[in-house]
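Below is one structure, written out as structure tokens; the observations come after it.
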Amino acid sequence: MASNAEIAGALSQIAQLLELLGEDKFRVISHQKAARIVEGLPLELGQIAAGGGTPEGLKPARQRLMDVDGIGPKIADKIIEFETTGRIGELDELRARVPAGLGELLQIGGLGPKTVALLWKEAGVTDLAGLKRVIDDGSILGLPRMGEKAVEKLRHAIALHAEGQTRLRLGEALPVAERVVAAMREVRGVKRAEFAGSLRRGRETVGDIDVLVATTDAHAAAEAFCGLPGVRQVLSKGETRCSVRMSVDLDAGRWAGAGEKEEGAGEAPSPAASAGKSVQVDLRVVPEASWGSALMYFTGSKDHNVRLRERALKMGLTLNDYGLFPNDDHETPPQERGIKPVASRTEQEVFKALGLPYIPPELREDRGEVALKKTPTLVEVADIRAELHAHTAASDGELSIEDLARAAMARGFHTLAVTDHSKSSVIANGLSPERLRTHAAAVRAAGKHIKGITLLAGSEVDILADGSLDYDDDLLGTLDVVVASPHTALSQAPELATRRLLRAVEHPMVHILGHPTGRLILRRSGLSPDMGAIIAAAVEHRVALEINAHWMRLDLRDTHVKAAVDAGCLIAINCDVHASSDFDNLRFGVLTGRRGWLPPEQCVNTWAADRLHEWLRSKQGGRRRGGR
DNA sequence: GCCGTTTTCGGCCCGACTGTTTTCAGTCG
């Protein structure tokens, strides 16, 4: 079965090739948009295209695909063709007409389809090597719009591309953004400063960082921004916008420490993974009176923003970053003609004027949020009262049971589950059955004398490649909490992965499916099981699917969380604590939950102690906590 | 190529910055 990612990849390739061929730009946009939608879709389109799936099984596949907003008859047919034959005729034809190397050129900053097509048609450039050649021999200067400065910028962009500059993970980007915002708030004249963009939406990776300021002294703001510590290069500097490349701190890459070891051999940690990394940071200077509309404009995804503007137009209004204005179809933008906006000062005000409830930033992805009637209640960091996945020095953590308990108490938690690794995780010093019994007894003993928090004895038990668990049922039955997680064989085929995880979810003693796919963001993709089947089984067996809060993992990912939430599945947000500072990762897990529309009541970590403990006990056929 | 509480045809979001073009095209978000 073709995955959504594969389908999205094919569609976006069609868009790219159409663009290079100078085809109708709206066809291009349609394919791009469809690709984005497919990628973010919680349901598996391949399954639908193949005529599968349950709820509307009798409806023709084509019709069901077309029910997805953004997919029409043509694209539906292409998806079906892709699913049934493994290829798309149109894509093959397009590929035959365009040199394969042009795709890479489009990834170079500042090079768009027009310029790449120009290079190809006028200078015979078909790949990166060809581009370097025409730059070196100077022939590129003979092309239209290619002067010395343009070529110099291009050189720079090629060098950056060669460094493999890629997206930053949420946990790497957020500290940079917070530092920039804090620094800008100290600048003379600055009234407000916030970061926006995909970072404010809490996406798992970001391509750049957008920072907004409202100030009485735009010049001072621009100067201060371009002179911030860590700025390597000023890319552009204008009255309302500046762009720089900024170094990313070494200490953002904590993954190299604890946590990595559990992955086993062959996944060598890279302590200097973040060394030399940089990120583009854009500063936007906006009028204070437009703060709300500007923040909205620079926070919403492209599709979300388009959706809002279309909505505005239907209401006889026009929306831009300066505000929501009456639409008079004048050529000059309303703000330049002194027209007073209907709303602009705060996001709340603008949403209200659009007839919408306030939409939290994490939801602004055009995944149905513009149809909301009221602001949904989403899980917050302050709601989290329990950590159900933590390691001590008995396996690969740093803390003793007591220190771990105190760290959890300091966060205001009522419950902490100690879940060290099981025996197969040899590199993580997994516990033999005998050690586990001793350890569980030690946890319970500690629980007796530490007041103010309930300590639970548990295990993060390996789900072996065939879906069996790493301890036998007698031993598992003595535990308060069983987190079952895959750690090895993470590249097995989807069908095998599905069967493997289903077996774990169906196991009567499993409470939580830990980091279900085992992916590491930007490093390895992990398992690709049929998530719909996993979710359905988890609902049936009252197993919680974990959002592992480490920013390297964020596993479940946001779109799967959404599917799980829609299905009524329980979710656990766990920090997978190995060191005291790992509790700080909670906010990344919460952001991911919010992106999946997760309400607090569906997240077991928010439950009151009694309710949480009752759920844990109920999974083991009424066995009472305290062991045998 | 998609879409429709003003449309099944004719639209499709909006603005800033850069470089080179003396009035704008291309790119980006």
Side-chain angles (χ1 to χ4, degrees), chain A residues 11 14-15 18-19 22-35 37 65-79 90 105-119 141 143-154 156-157 196-199 201 206-212 218 222 234-243 280-286 290 293-294 296-325 327 329 331-336 355 366:
Chain A
L11 291 174
I14 291 176
L18 289 173
E19 208 171 18
E23 297 283 338
D24 175 49
K25 66 174 175 173
F26 292 110
R27 273 185 75 204
V28 173
I29 290 171
S30 292
H31 282 91
Q32 286 171 339
K33 191 174 172 193
I37 289 169
L65 290 171
M66 285 171 61
D67 286 346
V68 177
D69 199 20
I71 296 180
K74 299 262 185 57
I75 290 183
D77 286 343
K78 287 174 206 181
I79 294 173
E90 184 188 354
L105 297 189
L106 284 175
Q107 295 178 12
I108 295 170
L111 277 191
K114 295 280 166 48
T115 313
V116 171
L118 181 80
L119 285 161
L141 291 166
L143 295 175
R145 296 187 313 277
M146 278 295 173
E148 292 283 355
K149 273 179 117 165
V151 172
E152 193 43 50
K153 277 187 99 164
L154 191 49
H156 227 103
S198 48
L199 190 59
R201 300 201 306 277
V206 302
D208 63 10
I209 295 172
D210 294 298
V211 174
L212 253 60
V234 176
L235 301 170
S236 70
K237 193 173 174 182
E239 269 302 296
T240 62
R241 199 181 118 185
C242 304
S243 289
Q280 180 169 331
V281 186
D282 293 341
L283 179 78
R284 319 274 179 164
V285 178
V286 306
S290 317
S293 45
M296 271 174 75
Y297 184 84
F298 290 110
T299 298
S301 77
K302 188 186 175 68
D303 291 330
H304 171 89
N305 285 348
V306 168
R307 186 77 66 183
L308 289 190
R309 280 190 223 110
E310 284 171 356
R311 184 184 179 92
L313 287 175
K314 279 179 195 146
M315 298 172 74
L317 302 165
T318 178
L319 177 65
N320 61 31
D321 40 334
Y322 292 95
L324 183 63
F325 297 90
N327 186 22
D329 285 321
E331 268 200 26
T332 313
Q335 69 274 10
E336 288 175 22
D366 192 31

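The sequence lines fix the lettering, A, B, ..., with proteins before strands; numbering per chain opens at 1.
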Subject >> Whole-Å gap separating P (B:dC14) and CG (A:Leu324) >> reply: 12 Å
**OP:** With C1' as the reference atom in both, quote the distance from B:dT20 to B:dA25 in angstrom, rounded to an integer.
**Re:** 10 Å
Subject >> Presence of A:Lys78 side-chain N/O under 4.0 Å of B:dG1 phosphate oxygens OP1/OP2 >> reply: yes
**OP:** Rounded to whole angstrom, note down the C1' distance from B:dG11 over to B:dT7.
**Re:** 9 Å
Original post:
Which pair of heavy atoms, one from A:Gly70 and one from A:Ala34, lies closest together, and at what distance?
Top reply: O-CB, 3.9 Å
Original post:
How far apart are the closest heavy atoms of A:Leu65 and A:Ala76, and which atoms are they?
Top reply: CD1-O, 3.6 Å
Original post:
How long is the line joining CG of A:Leu283 and C1' of B:dA16, in whole Å?
Top reply: 13 Å
Subject >> Nearest heavy atoms of A:His31 and A:Ala15, plus distance in Å >> reply: CB-CB, 3.7 Å
Original post:
Atom CZ of A:Arg307 and atom CG of A:Asp366: how far apart are they, to the nearest 0.5 Å?
Top reply: 4.0 Å
Subject >> Pair A:Val151-A:Leu141, side chain to side chain contact (heavy atoms under 4.5 Å, CB included): steps then yes or no >> reply: CA-CA 8 Å; A:Val151 172; A:Leu141 291 166; 3.8 Å; yes
Subject >> Residue matched to B:dC17 through Watson-Crick or wobble contacts both under 3.5 angstrom >> reply: B:dG26
Original post:
Separation of A:Tyr322 atom OH from B:dG15 atom C1', in whole Å?
Top reply: 7 Å
Original post:
Between the side chain of A:Thr299 and the main-chain N/O of A:Met296, is any donor-acceptor distance below 3.5 Å?
Top reply: no
Original post:
Do any side-chain nitrogens or oxygens of A:Ser243 fall under 4.0 Å of OP1 or OP2 in B:dC17?
Top reply: no
**OP:** Figure out the CZ/C1' separation between A:Arg311 and B:dC12, and round it to whole Å.
**Re:** 19 Å
Original post:
Base, sugar-phosphate, or nothing: which does A:Leu308 touch, judged by heavy atoms less than 4.0 Å apart?
Top reply: nothing
Original post:
Once each nucleotide of nucleotides 23-29 of chain B is scored for protein heavy atoms under 4.0 Å, what B/S/- sequence comes out, 5' to 3'?
Top reply: --SSSSB
Original post:
Quick one: do the A:Ser293 and A:Asp321 side chains pair a donor with an acceptor below 3.5 Å?
Top reply: no
**OP:** Could you tell me whether A:Glu148 contacts a base, only the sugar-phosphate backbone, or nothing, with contacts defined as non-hydrogen atoms closer than 4.0 Å?
**Re:** sugar-phosphate
Original post:
Taking atom C1' in both B:dT8 and B:dC2, what distance in whole Å separates the two?
Top reply: 12 Å
Original post:
Does A:Thr240 have a side-chain nitrogen or oxygen under 4.0 Å from the phosphate oxygens OP1 or OP2 of B:dG15?
Top reply: no
Original post:
Taking the P atom of each, how far is B:dC12 from B:dT6, in whole Å?
Top reply: 15 Å
Original post:
A:Asn320 has an atom CG; how far is it from atom P of B:dG15, in whole Å?
Top reply: 5 Å
Original post:
When you match A:His31 and A:Pro144 each to their closest nucleotide on DNA chain B, which lands nearer the 5' end?
Top reply: A:His31
Original post:
If anything within 90° of 0 is syn and all else is anti, what is B:dT7?
Top reply: syn
Original post:
Tell me: CG of A:Asn305 to P of B:dC14, nearest whole Å?
Top reply: 12 Å
Original post:
Which comes earlier along DNA chain B counting from the 5' end, the contact point of A:Val28 or that of A:Lys149, where each point is its nearest nucleotide?
Top reply: A:Val28
Original post:
Does A:Asp69 pair with A:Lys33 as a salt bridge, N-O distance under 4.0 Å?
Top reply: no
Original post:
Okay, side chain of A:Asn320, backbone of A:Gly323: is any donor-acceptor separation there less than 3.5 Å?
Top reply: yes
Contacts table for residues 106-116 of chain A: side-chain donor-acceptor under 3.5 angstrom, sequence neighbours left out:
none

Subject >> Nearest-angstrom distance from the residue atom NZ of A:Lys25 to P of B:dG11 >> reply: 13 Å
Original post:
Roughly how far apart, to the nearest Å, are B:dC17 and B:dT23 at atom C1'?
Top reply: 16 Å
**OP:** Nearest whole angstrom, please: distance from the C1' of B:dC14 to the CZ of A:Arg307.
**Re:** 17 Å
**OP:** Name the nucleic acid region contacted by A:Lys237, choosing base, sugar-phosphate or nothing; use a 4.0 angstrom heavy-atom cut-off, strictly under.
**Re:** sugar-phosphate
Original post:
Any donor-acceptor pair under 3.5 Å linking the side chain of A:His156 with the backbone of A:Glu152?
Top reply: no
Original post:
Can you give one letter per nucleotide of nucleotides 2-8 of chain B, 5' to 3': B if a protein heavy atom sits under 4.0 Å from the base, S if only from the sugar-phosphate, - if neither?
Top reply: SS-----
